[in-house]
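Before any comments, here is the structure.
The residues of the chain are indexed from 1 along the displayed sequence.
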Amino acid sequence: MTAPTARADHAAPATDAIPGLGRVAQLVLRGDGLTTTSLEVLTGSPITVRVLAHWVWDMADGLEALAPADPAYTGIVPHDVGECARVAHHHLDPGDHERLLVREILLVDEAGTVHGASAVVAVLDRLPPGVARRLATTDEPIGRTLRAHSVSVTRVLLRWGLRPAGERARHLPTAGSPSRRVPARDYVMRLVPGGAPLAVFTEWFDPGLF
């Protein structure tokens with residue numbers, strides 16, 4: 001979940017000044033709407049999620065409890081627990097007795113083509129209990145679930161640009177090697193009202209999408 005290597009704090013110029021990022025790509029990366037909706041508009045296909053990792057982590061247990069074989073946890077462990085912890089502490093400031101939801105997913109059309117990948121760390125206990133339980137126990141997309149339950153949020157863009165695809169390269173059809181730089185962004189989802197941080201998202205998009 002490292003930051004993309006492109007400018008996130010400057011307005012885009014009138015012409016595309018970042019090779020590989022045209023205006024359509026910038027519209028997706030810099031927009032504040034639902035990612036799945038943007039992909040559905042671009043692809044003309046319903047977008048669903050394919051879960052690679054789904055992990056609920058009680059902060060009270062500490063990092064030492066996060067062993068993949070630990071029977072106290074269900075789901076699939078994320079590939080980099082330490083990075084998830086760093087992201088959570090830096091952006092979400094979770095309390096000692098709050099629970100984190102960690103997900104790594106692929107965004108897939110109805111033909112099975114992968115158009116993007118996402119990693120998210122969310123604080124479950126900042127949500128109504130029923131919504132938190134649904135996110136913890138199902139694969140439903142977070143944005144759509146919040147909207148369906150009338151949980152209002154805003155999205156604050158942290159970074160956007162191009163970054164190495166890394167391990168996501170094996171899932172993104174046209175990414176090629178892990179060193180290939182693909183469109184990506186980071187943003188924080190905040191609750192309305194109050195502005196409490198709820199989740200941090202990192203998203204990578206297949207270059208062929210644009």
Applying the side-chain contact (heavy atoms from CB on, under 4.5 Å) criterion to R147, which one of I142, V153, L34 satisfies it? L34
L107/V49 under side chain to side chain contact (heavy atoms under 4.5 Å, CB included): CA gap, chis, key distance, verdict: CA-CA 5 Å; L107 299 160; V49 302; 4.0 Å; yes
Side chain to side chain contact (heavy atoms under 4.5 Å, CB included) assessment of V123 paired with L100: CA-CA 5 Å; V123 186; L100 297 181; 3.7 Å; yes
Determine whether [X] and [Y] make a side-chain contact, defined as any pair of heavy atoms from C-beta on separated by less than 4.5 Å.
X: T48; Y: D139; value: no
X: L42; Y: H115; value: no
X: P173; Y: V114; value: yes
X: D186; Y: V200; value: no
X: L157; Y: D32; value: no
X: V121; Y: H91; value: no

Return yes if some donor-acceptor pair links the side-chain N/O of [X] with the main-chain N/O of [Y] below 3.5 Å, else return no.
X: R190; Y: G195; answer: yes
X: R168; Y: A175; answer: no
X: T138; Y: R134; answer: yes
X: R99; Y: L124; answer: no
X: S45; Y: E110; answer: yes
X: H54; Y: A136; answer: yes
X: R185; Y: V28; answer: yes

Can R163 and T202 be counted as having a side-chain donor-acceptor contact under 3.5 angstrom? no
Distance (rounded to the nearest 0.5 Å) between [X] [atom1] and [Y] [atom2]:
X: E167; Y: E104; atom1: CD; atom2: CD; answer: 6.0 Å
X: T43; Y: L209; atom1: OG1; atom2: CG; answer: 7.5 Å
X: F205; Y: T174; atom1: CZ; atom2: OG1; answer: 13.0 Å

Mind checking side-chain contact (heavy atoms from CB on, under 4.5 Å) for S177 and listing every partner two or more places apart, or none if nothing turns up? S179, R180
Looking only at heavy atoms, what is the nearest atom pair of [X] and [Y], with distance?
X: R126; Y: D93; answer: NH2-O, 3.1 Å
X: V131; Y: V151; answer: CG2-CG2, 4.3 Å
X: F210; Y: P183; answer: CE1-CG, 3.8 Å
X: E40; Y: I47; answer: OE2-N, 3.0 Å
X: D125; Y: H97; answer: OD2-O, 4.1 Å
X: L92; Y: L198; answer: CD2-C, 3.9 Å

Plane angle bin for Y187 and F201 - parallel if under 30°, tilted between 30 and 60°, otherwise perpendicular: parallel
